Amino acid sequence: MEDRSSEFHQRLGKLAELKSLGVEPYPNGFKPDHTCADVQKKFGEATKEALTATPERVSIAGRVMALRDFGKASFIHVQDRSGRLQAYVKKDVLSTDDFAVFGKCDVGDIIGICGPVFRTRTNELTVEAREFKLLCKGLNPLPEKWHGLKDVEARYRQRYLDLMVNPEVKDVFVKRADAVRFIRDFLVGRDYVEVETPMLHPVAGGAAAKPFTTHHNALDMELYMRIAPELYLKRLLVAGFERVFEINRNFRNEGTSTQHNPEFTMLEFYQAYATFEDLMDLTEEMISSLVFRVKGSMKMNYQGTPLDFTPPWTRISVKEAVLKFSNAGEDVFVDKDAALSFAKGLGLHVPEGLSHGKVIIEIFEKVAEPMFIQPTFVTHYPIEVSPLARKNAEDQSVVDRFELLVAGREIANAFSELNDPLDQKERFLKQIEEKAHGDLEAHPMDEDYVKALEYGMPPAAGEGIGIDRLVMLLTDSPSIRDVILFPLLRR
RNA sequence: GAGCCGCUAGCUCAGUCGGUAGAGCAUCUCACUUUUAAUGAGGUGGCCCCGGGUUCGAGUCCCGGGCGGCUCACCA
């Protein structure tokens, strides 16, 4: 407590004075009967005269966000979860004791007020304090009322302050909660069951990513924080759930950026007897109706770029996209060496050991991915980069998969699921080969998953949607940290 | 991992050519019983991110480090 602000010490002094007056500075039990918004809603239409003629008493509680002191009378702004409301504290209608307590109050304290609602000379709806109760003495001063808290580092490290004084920040997280609830209702309404699968995995599967490792002491067992729930959810298809989804955290031991946080929220859902084409239809419906719900329109702006989510959305294959947005020839898709030399011509760093499909994806990401601003389904990814997806019936070099791209970014990834246990085992073995060739993120073998498939998994399609990135779009947030309450920072 | 930018009072920010560290808000004292960033008068408040160097003298220049942001790379 040595190097605290002088105001901290001044407030400690007030705290001591309150205690010496016999006032408990942190009491419990005050019950507000209205929120600030309740009062606005209930009396917003009432005239000054009507309120004076039949005064109605309310009690509210919240944090003091502004205080204008006139000596024997003061105006304060009280902020609760619903918003702000003005209160008027007048010496001659309060008890001497209550007024003395008010005298020790500062901006940032949490208080409770009971009294009639009236309108001031300027017609502002206001609660006149007949009773005033201190509910929590704040010791640290709040950020400035006018400029708020701007310092980005402080906003992340002390998010509670950011949320307290910057209302638009709280709006983002309320919208996030709304979006998640909408998605949950959407899937539940289609007979999906919400489940929770392990976060601690003995094998880090279901995606190509570097996992966090951890250790279980009692079992003396190496474990991985999950990088994806996919393989567990598909075990549940084997089990007979047929329609399951999970909204939960994934962890990836990789760098951070405006689009990457080491822990992020993923929706994955799986539907038996559906194909990836069915999921394109479902995704169109889910996302467009979500956009409409949050934005009130199918059209919106993201960082100044107009986006239109009105279905149907463009569907284009990886191959078509590469041919369209570059001068690559067909040979790039037939001959690995042609692909390699074309990639090098683009200035891409492509080691010889890379698989043909991986080279094609490198090319696609360079030349085509940034071009897809409006919602677009990109389909038919190379089989080498999709070890869990079902092969396309006509072209065995690609799988029945799509990614949804919006604003040049991946929002969703889905495919018809591979349910042939022998094929799956071969794909895992191929991945292990690629790991030997230096692909650090090749998928590891999961014998237990193969065993589950051997019992029979119904034909199905599954999809993953990155909730954080989706919420970035919905809230026009430039950084993923803007949609994560407590983003990871160095100590 | 590389480049660029930032870090000064509780908050938001100035700080010239290297010459005694500033403003607004907040806070404290006084006045004020209908204000809206209330007003008026007067005060308090500093590890200028940290460490080294150059210099008579460093918030300022140089070197190293820390934390953060952006871009690129890596990565879905």
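Computed over heavy atoms, backbone and side chain alike; hydrogens, waters and symmetry mates excluded. So that the names make sense, note that chain A is the first sequence line, chain B the second, and so on, each numbered from 1. Just so we're clear, the structure is a prediction, and the values are computed from it rather than from any experiment.
Ring geometry for A:H201 against A:Y232 counts as tilted: the plane angle lies between 30° and 60°, on a 0 to 90° scale. The aromatic rings of A:F102 and A:F99 sit tilted relative to each other, their planes meeting at an angle between 30° and 60°. Below 30°, between 30° and 60°, or above 60°: for A:F70 and A:F75 the angle between ring planes is above 60°, a perpendicular geometry.
Across all strands, A:R252 comes closer than 4.0 Å only to sugar-phosphate atoms, never to a base (heavy-atom distances). Nucleic acid contact class of A:F118 (heavy atoms, under 4.0 Å, all strands): base. Note on A:K48: nothing from the nucleic acid sits closer than 4.0 angstrom, heavy atoms only. Among the atoms of the strands shown, base atoms are found under 4.0 Å from some heavy atom of A:E369. Residue contacts for A:E410: at a heavy-atom cut-off of 4.0 Å it reaches a base atom on one of the strands shown. Note on A:A207: nothing from the nucleic acid sits closer than 4.0 angstrom, heavy atoms only. Within the nucleic acid shown, A:D92 comes within 4.0 Å of at least one base atom, counting heavy atoms only.
In this structure, the CD1 atom of A:I361 is 15 Å from the P atom of B:C74, given to the nearest Å. One atom, CD of A:Q259, and another, P of B:U71, lie 9 Å apart when rounded to the nearest Å. In this structure, CD of A:E254 is placed 16 Å from P of B:A73, rounded to the nearest angstrom. Look at CZ on A:F212: it is 17 Å from P on B:C75, rounded to the nearest Å. For the pair A:E124 CD and B:U34 P, the interatomic distance rounds to 15 Å; values are reported in whole Å. Between A:E128 atom CD and B:U33 atom C1' there is a gap of 11 Å when expressed in whole angstrom units. For A:R121 and B:U33, the CZ to P distance is 12 Å, given to the nearest whole Å. Look at CG on A:D482: it is 14 Å from C1' on B:G68, rounded to the nearest Å.
The base-pairing partner of B:C56, taking Watson-Crick or G-U wobble contacts with both distances under 3.5 Å, is B:G19. For B:G24, the paired nucleotide is B:C11, the pair qualifying as Watson-Crick or G-U wobble because both relevant distances are below 3.5 Å. Pair assignment for B:C4: B:G69, on the basis of Watson-Crick or G-U wobble contacts that are both within less than 3.5 Å. As the counterpart of B:G46, no nucleotide is assigned, since no Watson-Crick or G-U wobble pattern has both distances under 3.5 Å. With a cut-off of 3.5 Å on both Watson-Crick or G-U wobble distances, the partner of B:G51 is given as B:C63.
For the P atom pair drawn from B:G22 and B:C30, the interatomic distance equals 27 Å after rounding to whole Å. B:U27 and B:A73 have their P atoms separated by 49 Å, with the value rounded to a whole Å. Atom P of B:G1 sits at a distance of 27 Å from the matching atom of B:C61, rounded to the whole Å. Here the separation of B:G10 from B:G66, taken at their C1' atoms, is 23 Å to the nearest Å. Going from the P atom of B:G18 to that of B:U60 covers 11 Å, rounded to whole Å. Distance noted for atom P between B:G69 and B:U55: 38 Å (whole Å). Rounded to whole Å, the C1' atom of B:U20 lies 14 Å from the corresponding atom of B:A58. B:C50 and B:C13 have their C1' atoms separated by 23 Å, given to the nearest Å.
The A:T258 side chain lies nearest to B:U71 when the options are B:G10, B:U71, B:U34. Listed nucleotides B:U34, B:C67, B:G10 differ in distance to A:R490; the shortest reach to its side chain belongs to B:C67. Listed candidates were B:U33, B:U34, B:C75. Nearest to the side chain of A:K90 is B:U33. Among the nucleotides B:U35, B:U33, B:G69, the one closest to any side-chain atom of A:Y88 is B:U33. Residue A:D106 places its side chain closer to B:C28 than to any other of B:U35, B:U33, B:C28.
For the residue pair A:Q79/A:R84, the side-chain donor-acceptor check at 3.5 Å is satisfied. Looking at A:D97 and A:S95, their side chains never bring a donor and an acceptor atom within 3.5 Å of each other. Residues A:T35 and A:D38 bring a donor and an acceptor atom of their side chains to less than 3.5 Å of each other. Remark: the A:E463 side chain and the A:N413 side chain contain no N/O donor-acceptor pair separated by less than 3.5 Å. Side chains of A:S74 and A:D69: a donor on one and an acceptor on the other come within 3.5 Å. Looking only at atom types and distance, the side chain of A:Q86 has no donor-acceptor partner in the side chain of A:Y88 under 3.5 Å away.
Side-chain atoms of A:D109 and A:R11, non-hydrogen and from C-beta on, do get closer than 4.5 Å to each other.
Environment of NZ in A:K41: sparse, with no more than 12 heavy atoms of neighbouring residues, nucleotides or ligands closer than 6.0 Å. Within a 6.0 Å radius of CZ in A:F364, more than 12 heavy atoms belonging to other residues, nucleotides or ligands are found. Shown here is A:K133, whose NZ atom has no more than 12 heavy atoms of other residues, nucleotides or ligands within 6.0 Å.
Atoms CZ and CD, on A:F486 and A:Q158 in that order, are 11.0 Å from each other to the nearest 0.5 Å.
Scanning residues 131-163 of chain A for heavy-atom distances under 4.0 Å to RNA chain B yields A:P141, A:P143, A:E144, A:K145, A:W146, A:H147, A:G148, A:L149, A:K150, A:D151, A:V152, A:E153, A:Y156, A:R157. If you check residues 56-72 of chain A against RNA chain B, the residues with a heavy atom closer than 4.0 Å are A:R68, A:D69, A:F70, A:G71, A:K72, listed by number.
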Interface polar pairs with nucleotides 3-5 of chain B, N/O, under 3.5 angstrom:
none

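Close to B:C74, at under 4.0 Å from its OP1 or OP2, lies no side-chain N or O of A:K210. The shortest distance between the side-chain N/O atoms of A:R481 and the OP1/OP2 oxygens of B:C70 is below 4.0 Å.
The residue among A:L488 and A:S257 whose nearest nucleotide of RNA chain B is located toward the 5' end is A:L488.
Between A:R249 and A:E263 a salt bridge is recorded (basic side-chain N to carboxylate O distance below 4.0 Å). The pair A:R157-A:D162 fails the salt-bridge criterion, with no side-chain N (NZ, NE, NH1 or NH2) lying under 4.0 Å from an Asp/Glu carboxylate O.
Side-chain atoms of A:Q86 come within donor-acceptor range of the base of B:U35, with a qualifying N/O pair under 3.5 Å. Residue-to-nucleotide contacts include no donor-acceptor pair under 3.5 Å from the side chain of A:S6 to the base of B:U44.
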